[in-house]
2 protein chains.
Amino acid sequence: MNANPVDDIGLRARKKRARADAIVDAAQRLVLAHGFDAVTVEAIAEAAGISPRTFFNYFESKDDAVLGQGSFDLDAGFRGEFVAGGPTGRLTADLEVLAAALLGAVAGSDPHAPARVLELMQAEPRLLAHHFAWFERHKNQVEDLFTERHACRPLPTDPATCTMVVFVLVRAALDDWDAGGRQGDVTEHLPAALAKIAAVVNA
Amino acid sequence: MNANPVDDIGLRARKKRARADAIVDAAQRLVLAHGFDAVTVEAIAEAAGISPRTFFNYFESKDDAVLGQGSFDLDAGFRGEFVAGGPTGRLTADLEVLAAALLGAVAGSDPHAPARVLELMQAEPRLLAHHFAWFERHKNQVEDLFTERHACRPLPTDPATCTMVVFVLVRAALDDWDAGGRQGDVTEHLPAALAKIAAVVNA
DNA sequence: CTGCAAGTTTGCACCAAGTGCAATGTTGCG
DNA sequence: CGCAACATTGCACTTGGTGCAAACTTGCAG
């Protein structure tokens, strides 16, 4: 799921990627068309041109395939900058940058990914839960970032709280973008989202 | 799941409640002892003294039973007060009261419930997904509260953002309580949790 | 107390998700 | 070509979960 479109590491690997993409594509199309429960793994496998058994060689569960969720990794350069107290030095501003980086990592190479995933999640609340759980799995990655940063530029509070704020920020921006007709870039909504949150806790 | 220990509405109903409690208890004990995947519904049913089929008359899924997550309902009196702009009139203070009400509704009659659920989620990340699903299911209930309140005492921002803040507050308080050795009442940690969140967004 | 109606439990048959295993194909490479 | 590594597949099996209808419990009216 990282942004390396041209990994020339063998023909075999490329085929594998193509298959995975085909599965995700088939899964998403079918689920959007007929609803999650009405689509069986068998149907997805058939649409992707593989056997049902092979489906599970690629994804651990139907949910994973539908959300197309591999693992994500934050850009190493950005990570270094953030833990060193950057990029701007003001925590709130850096929070926004971090949230943007997260959104980028989620989207992967496909700019349409957030739209499709949002649509899916609206149609199938079940998947929202899965999506959050996936976030939770990567929570440590974000929390570590804050812990390291704390050493050189002390945080106003503990890393766990900072992490939660970042995730809320991501979610709020996504909601905002969705409410605004999904125009333009999700990250543009980050400042407004942060302002809204601040308005509540400072009321 | 509401806090009415002595609902004298029929003997039949009492029996039903007792069974449900027995199922949750059996499920939690077994899962904490052997791990989620090693415990079958059949085993839980047997431990609770019912047939496997009856298990599904009480809970929609194994996950629901393990988390003991029925539906919750906020106290009607409190709801009325909150939408009327109460109880204190200061939004942040009222947010804390709302969060406390949520924690109460979740815990139900058993004060140990939050501890067990936290422990379960730490041991079985799988359950996180379900926990979030539950959150999402009840999000509307809380959001409606804010929408109604807005009519008589305008909010600084939209109901959706307020709702997210409340849930983060709940979560943060729970974390805090957990970090402090799970002493005393979770709700005591709410003010500190709110302060921490404010510290981040105001940095 | 009797008997009926409504609600509950349970067994049974069934579908779908997911796993382990072993056979069968494919692919890359010396 | 031929072999070793890897990928696909079929098959049998476990488990979660549902629909249905029969049996049983319980509350209540007469």
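Proteins come first, then strands; the chains are lettered A, B, ... in the order of their sequence lines, and each starts at number 1. No experiment lies behind these values; they were computed from the predicted model shown.
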Without decimals, in angstroms, what is the distance between [X] [atom1] and [N] [atom2]?
| X | N | atom1 | atom2 | result |
| --- | --- | --- | --- | --- |
| A:Asp37 | C:dC15 | CG | C1' | 12 Å |
| A:Glu46 | D:dT9 | CD | C1' | 15 Å |
| B:Leu127 | D:dG16 | CG | P | 13 Å |
| B:Arg19 | C:dG7 | CZ | P | 18 Å |
| B:Asn57 | D:dC24 | CG | C1' | 14 Å |

Any side-chain heavy-atom pair from A:Leu30 and A:His34 closer than 4.5 angstrom? yes
Kindly give the atom pairs (protein nitrogen or oxygen, nucleotide nitrogen or oxygen) under 3.5 Å for nucleotides 17-20 of chain D.
| residue | atom | partner | partner atom | Å |
| --- | --- | --- | --- | --- |
| D:dG17 | OP2 | B:Lys62 | N | 2.7 |
| D:dG19 | N7 | B:Arg53 | NH2 | 2.8 |
| D:dG19 | O6 | B:Arg53 | NE | 2.5 |

Return the angle between end axes of the helix from C:dC1-D:dG30 to C:dG30-D:dC1, with five pairs used per end and rounding to 10°. 0°
Side chain of B:Asp176, backbone of B:Ala193: donor and acceptor closer than 3.5 Å? no
What's the closest nucleotide to the B:Tyr58 side chain, out of D:dT8, C:dT9, C:dT10? C:dT9
Select one nucleotide: of C:dT9, D:dA7, D:dG10, the one nearest the side-chain heavy atoms of A:Lys16. D:dA7
Checking A:Asp158 against A:Thr161: is there a side-chain donor and acceptor pair closer than 3.5 Å? yes
Atom CD of B:Glu143: over 12 foreign heavy atoms under 6.0 Å: yes
So, is the end of the B:Lys16 side chain (NZ or CZ) under 6.0 Å from the ring centre of B:Tyr58 and within 45° of the ring's axis? yes
